[in-house]
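Structure, as C-alpha cells:
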Amino acid sequence: MSVNKVTTLAEAVQGLVNDHDTVALGGILSREPVACSYELIRQNKKELTLIVDSHDESVELLIGAGLVKKVESAYVWVGVIGSGLNFRRAVEKGLPKHIEVEDYTNLAIGMRFLAGALGVPFLPVMSMSGSDIPKYNDKIISMADPYKGQPVNLVPAAEPDVAFIHVQRADKMGNAQIWGMLANDVNIARAAKKLIITCEEIIPTSEIRKIPNMTQIPHYCVDAVVELPFGAHPLGVAGYYWLDTPFRRDWLKASKTQEGFDAWVEEWVLSWDKFEEYLQKLGSDRLAKLRKLERDNYQIPRIENY
Amino acid sequence: MSVNKVTTLAEAVQGLVNDHDTVALGGILSREPVACSYELIRQNKKELTLIVDSHDESVELLIGAGLVKKVESAYVWVGVIGSGLNFRRAVEKGLPKHIEVEDYTNLAIGMRFLAGALGVPFLPVMSMSGSDIPKYNDKIISMADPYKGQPVNLVPAAEPDVAFIHVQRADKMGNAQIWGMLANDVNIARAAKKLIITCEEIIPTSEIRKIPNMTQIPHYCVDAVVELPFGAHPLGVAGYYWLDTPFRRDWLKASKTQEGFDAWVEEWVLSWDKFEEYLQKLGSDRLAKLRKLERDNYQIPRIENY
Amino acid sequence: MNYTTQEFMVSACSRLIKDNECVFIGVGIPLLAGVVASKIHAPNSVLIYEAGGIGAISRRLPWSISDNATTDNALVATELWRVLGDVQRGYIDVAVIGGAQIDKFGNLNTTAIIGAGKTYQRPTTRLPGSGGANDLASSAKRVLIVMRLEKRKFVEKLDYITSPGYIAGPGDREKAGLRGGGPETVITNKCIFRFDPLTKEMYLDELFPGVTVDEVKAAVEWDLKVGSNLKQVEPPTEGEVEIMHRIDPLGVVLGSKSKQENQSFEEYYKIMKECYESMALLI
Amino acid sequence: MNYTTQEFMVSACSRLIKDNECVFIGVGIPLLAGVVASKIHAPNSVLIYEAGGIGAISRRLPWSISDNATTDNALVATELWRVLGDVQRGYIDVAVIGGAQIDKFGNLNTTAIIGAGKTYQRPTTRLPGSGGANDLASSAKRVLIVMRLEKRKFVEKLDYITSPGYIAGPGDREKAGLRGGGPETVITNKCIFRFDPLTKEMYLDELFPGVTVDEVKAAVEWDLKVGSNLKQVEPPTEGEVEIMHRIDPLGVVLGSKSKQENQSFEEYYKIMKECYESMALLI
C-alpha cells in the first residue's frame with residue numbers, strides 16, 4: 001500500500017484548482033490553511049466561491065486579494081483581535097470587488113459538509129427558525145417534518161470542487177491524523193471533489209498504524225499531500241506552534257486600507273519564490289519561540305505500542 | 001470535576017430500565033454488552049423493543065429469553081459460526097413468543113442513531129430504493145429531494161429509552177474512550193435518553209486528559225458507569241480479549257431447541273449471584289488465554305505525554 | 001476597593017453559572033467568568049468550546065473558540081458539528097453569547113447593520129455573522145447575553161435577526177420549534193436586564209453601583225420597564241478578582257486594548273510565558 | 001494437482017480485485033480472496049470492513065466484519081455509519097456480498113423465505129436481514145456476489161428483494177437513483193455468471209473444470225442463457241493456494257465445518273496461536 005501523493009503546494013494548486021471553483025478551507029483559527037491562501041493569491045485563482053464555517057486570515061486574505069466572488073459562511077472575522085476589515089470593505093464598499101454573501105450558522109454549515117460527506121442532497125437542522133437567516137437565503141428550505149410535524153430547516157449538501165486542510169501529520173498516501181479540535185475537517189475531506197492535505201510532518205505509514213483511531217481522513221479522500229511546516233502561520237497548530245499575535249496585529253493594521261493590504265501582500269506573499277523564504281523572513285528565533293509557547297503547554301503524545 | 005456515576009450493573013438496570021422500554025445496544029460482535037443482556041434476563045425486563053444495527057449474542061439472548069416484543073434491525077445472526085436460532089424460532093414459530101420485525105440496512109440504522117444524536121426528527125439515505133425494505137416498513141418515507149429531485153428515503157430518529165455500551169475505558173464521570181472499531185456507539189450514546197456505560201477498566205480522569213481526541217462519549221451523555229471486566233464474553237474487546245469460539249459454539253448448540261436454550265440460561269445466567277461467579281465458572285486459565293490471544297496481537301498503546 | 005467594569009461584568013456573569021452545568025462559552029468576558037465560577041462556586045461545571053474542546057484546563061487564555069488552548073488537558077477533543085449537534089440535542093445547560101444589536105425580546109443581530117437605502121448584500125456595516133450563536137440561542141437550555149450598553153445597540157427594531165430571543169413575544173419560540181429556553185439575563189457594563197416571564201420583555205433588574213435608571217433608559221431605544229424590586233449588582237469579591245487577574249495577567253480581557261497595540265514579538269513572548277506560568281500555579 | 005471448490009472460489013474471486021482498489025469485504029471466502037489479491041497482483045488494494053476497520057494487516061483471520069482483528073495494524077479505525085457513508089459517497093470501488101436467493105437480474109434476498117400462506121412477519125424461514133449488503137449493492141462502484149449454486153437459490157422470483165441488482169431490468173437502477181454500478185459477477189462453486197450489458201440478465205460465462213452446462217441449468221429456475229464464448233475458470237495457482245492456507249491454517253473457510261464441531265477450548269487456543277504465528281511469517 002504505497003501510492004505516493006506527495007507534491008509541492010504550487011503544483012497541487014496549479015493542477016487541482018481552477019478559476020470559478022468552489023473552495024472549502026479546514027481548521028478554524030487553529031490549522032487554518034493560511035499558506036494555501038498565499039499560494040492561491042500567488043497563482044491568482046479567480047472568481048472563487050468559498051464555503052466556510054468560521055474563518056479568520058485564510059478567508060480574509062483571499063477576499064482582500066480580490067479572488068472571491070461569493071462567501072457561503074457562518075462567520076468571517078479576525079478572532080478577538082479585530083474586525084474582518086477586508087470582508088467588510090468588500091461587502092460594504094465593493095473593494096477590491098464586491099462579494100456576494102450567503103449566511104448560515106456554524107451548525108448549518110457543519111450539516112452542509114456532513115451532507116456532502118454522506119453523499120445525500122440535504123440534511124435538516126432545528127436552528128435558524130425564528131431568525132432572518134432563511135429569509136435572506138433561498139437555499140434554506142423550511143418544512144414540517146413528516147414524522148412529528150416539527151418545523152425543520154433543510155440545508156443543501158456542500159460539494160466543494162476543492163478543499164484545503166492543514167493537519168499535524170499525514171503519510172504519503174494521505175492518511176491524516178489531526179490532534180486537538182477537529183472543526184468540520186472530517187466531513188470537509190469527504191465532501192470535497194478534490195482534497196489537498198498540507199501537513200506539519202509527513203510520517204511513515206507504520207506510525208499511522210500505531211493508532212488508527214486517530215486517522216480522521218482516509219487516504220481515499222486525498223488527492224495531494226504537501227509537507228508544509230508552519231503552514232498555518234500566523235495562526236496556530238496544536239502541538240506545533242502558538243498564535244503569532246504581533247504578526248496578526250501588523251497585517252490587520254495594514255488591512256485598514258486596500259492600499260495597505262495590497263502593500264502587505266506584496267511584501268509577505270508575492271516577494272518570495274518558496275514558502276521557506278517566508279519562514280526565513282520571519283526568522284528562526286521567532287519560529288522557535290512560537291513552537292516553545294505551544295510545546296511548553298501541549299505536545300502530541302508519544303504513542304508506544306507494546 | 002468529579003461527579004461520580006459508578007454503580008453496579010444490577011443497580012443500573014434496576015434504576016434505569018423499565019418494562020416496555022426501547023433499548024439500544026452498542027458494539028458489533030466486538031464489545032457487544034453481553035453481560036448487560038444477562039442482567040436484563042436476570043431482572044426479567046419485559047416487552048422490550050430493540051433498535052440494533054447488526055448484532056449477535058447480545059440480541060439473541062434477549063429474544064430467546066422472551067424479553068423482546070419487537071426488533072428494529074439490519075441484521076440479527078451469530079456471525080460466521082451459525083444461524084440466529086432464537087431469532088428464527090421467535091419470528092417463524094412464535095417461540096418463546098412472537099417478535100415483530102422491522103427491517104433496515106446498516107446505514108439506515110446508523111442514520112437513525114445519528115438523527116437521534118443530533119436531535120433532528122429524520123435523516124435521508126440513498127440506500128433501500130429498488131428493494132422491498134421500504135415496502136414492508138411504513139417508517140421509511142420515500143421522497144424526491146427538493147434540491148435536485150433525486151429519490152431519497154427518510155428514516156426516523158432512534159430515541160431509545162436506554163442504551164448499553166461496553167467500552168475499554170471510562171472515568172467515573174463517564175467519559176469513555178473506545179479503541180478499534182466504533183460501530184455506531186458515538187451516536188447511540190447521544191441518541192439514548194439514558195445511557196449505561198460498562199467498561200473493562202475505570203481509569204482516572206487524568207488518563208482521559210492525556211488523549212482527549214480518543215474520548216468518543218462525553219460524560220454528559222452518561223447516567224451510570226459500571227466496571228465490568230470481560231463484560232462482552234464470549235465476544236471480544238480490542239486490546240482486552242479475543243472471541244471464545246468454543247463457548248459460542250456450545251451455547252449455539254444448546255439453542256437448537258427452546259428447552260436447550262432455557263437450560264443453558266439456567267446454567268450460565270441464572271445460577272450465579274454476581275458476574276464474578278460467572279467468570280469463576282469459566283476459570284481464570286481460560287480467561288487468561290483469551291486475553292493472551294488478543295494481546296499477542298493488539299494492545300491499547302501506551303500514551304506518553306512529554 | 002475599586003473595581004473596573006470588566007471585573008464587574010466577569011463577576012456578575014460568573015455567578016450565573018451553576019455547579020454541574022455544561023457551559024458553552026465564548027472568549028473574552030464569558031471565558032473568564034467560566035473559569036472564575038469553576039474555581040469558586042461551580043467546581044463541577046464543564047466549559048465547552050464550539051470547535052470541539054470540552055472540559056479543557058488551559059494554562060493559556062484562549063483567544064478564540066478554536067485555538068490550541070481550547071483542548072489543552074481536555075476531557076474531549078472532537079468536531080464542531082458534533083459539539084453543536086450536542087447543543088441541538090439538548091445537552092448544554094447554559095450558553096453565553098454576545099451581539100452588536102439587541103431588541104426588547106432579546107433577539108440579537110450580529111450579521112449586518114443594513115442602514116437606510118442599503119441592502120443585506122450591500123449594508124452600511126457588515127458584521128461577522130452568526131457563527132454558532134444562532135444554534136446556541138435556539139437550543140441551549142439557558143442563554144446569557146453579554147454586551148456593552150451603548151447607543152444604537154439596544155434598539156426598537158433589529159436590522160436583521162441573527163439569533164432568536166423571544167422573537168415577537170410569548171409563544172413564538174414554541175411556534176418556531178425552538179427547544180432552548182431563550183435568553184435569561186443580559187449582562188452589560190452598567191446594569192443587568194432580565195425578561196418578564198409573561199410578556200417576555202426585557203426589563204432592568206440590577207444596577208451597577210453609581211449608575212442611574214435614567215442613564216440606562218437613555219441608552220435603550222424602547223420604553224424600558226424597570227423591575228419592581230430593582231437591585232444593585234453585588235461587587236466582585238477579592239477572591240474573584242484575584243483569580244481573573246491570574247488568568248489574564250496581560251490584560252487581554254481585563255486590561256486596555258491600546259496597551260497591547262504596539263507590543264513587539266519579544267514582549268508578546270515574555271507576557272505569554274508569564275501567563276501560562278501564572279496559570280500553572282492555579283491548577 | 002487437485003483443488004477444492006473453496007480454493008477455486010477464493011482464487012476466482014481474488015482475480016476480480018484490481019490493484020489500487022478500495023475493497024469492501026465480507027468474511028469467509030471474500031476475505032481470503034482479498035488477502036490473496038493483496039499478496040499477489042493487487043499490492044495497493046485496501047480492505048475495508050463495515051464496522052470501522054480500514055486497511056488492517058491482521059495476523060488473525062477475522063471472523064466477522066467487526067471483530068478485533070478488523071482493526072489490527074489498520075490505517076483507520078472509525079465508525080460504521082462513517083464507513084457506509086463513504087460507500088454512499090462513492091469512495092468504494094468494489095464490494096463482495098452474498099445472498100440466500102438471487103434472481104436473474106442479480107437482486108438478492110437475505111431477509112426471509114416467506115413461503116406459501118406465510119407473511120413477512122411470520123415467514124417460513126427468517127434470514128438475518130440486509131446488514132450493510134443493501135447499502136453496498138446500492139452504492140459500490142462494482143459488486144461481486146459469492147454464493148453456492150444450489151436448488152432454490154437461483155430463483156425466478158425472490159420472496160423479498162433485500163439488495164438491488166438491476167431490479168426489473170435496464171434503466172431501473174437509474175430510476176431508483178442508485179449510484180453504484182450494480183452486480184458485475186456471480187462466483188459460485190460450479191461456475192461464474194456475468195450480466196448482459198444490454199438486457200442486464202445473468203448469463204453463464206465460465207465453468208469450473210468438470211462441470212457441464214446442463215448441470216448448471218438444472219440448478220437455475222429461469223431459462224439461463226449461456227455466453228457465446230463460454231470459458232473455463234482458470235484453476236488456482238500454487239502460490240494462491242499456499243497463501244490462502246497460511247491465512248487459514250485451521251480451515252475455518254477452506255476446511256470442513258465438522259472438523260471444528262467438537263473442538264475443546266485447549267485445541268482452539270492452540271490452533272488460534274498457530275494461526276497468528278503462521279500469518280506473522282507472511283507479513
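Throughout, a chain's letter reflects where its sequence line sits, starting with A, and its residues are numbered from 1.
- With chain A as partner, the option from C:Thr162, C:Val83, C:Asn134, C:Asn68 having the largest number of non-hydrogen pairs under 4.5 angstrom is C:Asn68.
- With a threshold of 4.5 angstrom between heavy atoms, A:Gln150 approaches chain C through side-chain atoms but not through N, CA, C or O.
- Among residues 123-133 of chain A, the residues having any heavy atom closer than 4.5 Å to a heavy atom of chain C are, in sequence order, A:Val125, A:Met126, A:Ser127, A:Met128, A:Ser129, A:Gly130, A:Ser131, A:Asp132, A:Ile133.
- Between chain A and the residues C:Ile167, C:Asn109, C:Leu108, the most heavy-atom pairs under 4.5 angstrom are made by C:Ile167.
- The pair A:Arg286-A:Asp244 counts as a salt bridge, with a side-chain nitrogen and a carboxylate oxygen less than 4.0 angstrom apart.
- Using a 4.5 Å cut-off between heavy atoms, A:Ile28 contacts chain C through both its backbone and its side chain.
- Per-residue counts of heavy-atom pairs under 4.5 Å with chain C were compared for A:Val76, A:Val78, A:Leu107; the largest is that of A:Leu107.
- Heavy-atom distances place no part of A:Gln216 under 4.5 Å from chain C, backbone and side chain included.
- Interface remark: of the candidates C:Gly52, C:Ala176, C:Gly131, C:Gly177, C:Gly131 forms the most heavy-atom pairs closer than 4.5 Å to chain A.
- Comparing A:Tyr298, A:Tyr104, A:Tyr136 by heavy-atom pairs within less than 4.5 Å of chain C, the highest count is held by A:Tyr136.
- Salt bridge status for C:Asp86 with C:Arg89: absent, with no side-chain N to carboxylate O gap under 4.0 Å.
- Of the two parts of A:Asp296, the backbone and the side chain both hold a non-hydrogen atom closer than 4.5 Å to a non-hydrogen atom of chain C.
- At a 4.5 Å heavy-atom cutoff, the contact between A:Ser54 and chain C is made by side-chain atoms alone.
- We find that A:Glu102 and A:Lys139 are joined by a salt bridge, their nearest charged nitrogen and carboxylate oxygen being less than 4.0 Å apart.
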Q.
Evaluate C:Trp81 against A:Phe113 for ring pair (Phe, Tyr, Trp, His ring centres under 6.0 Å), listing each step before the verdict.
A. CA-CA 9 Å; C:Trp81 68 272; A:Phe113 285 126; over 10 Å; no
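- Using a 4.5 Å cut-off between heavy atoms, A:Phe247 does not touch chain C at all.
- A:Lys289 has a carboxylate O that lies under 4.0 Å from a charged side-chain N of C:Glu266, or vice versa, which qualifies the two as a salt bridge.
- For the pair A:Pro218/A:Arg190, a side-chain contact is recorded, criterion being any heavy-atom separation below 4.5 Å from C-beta on.
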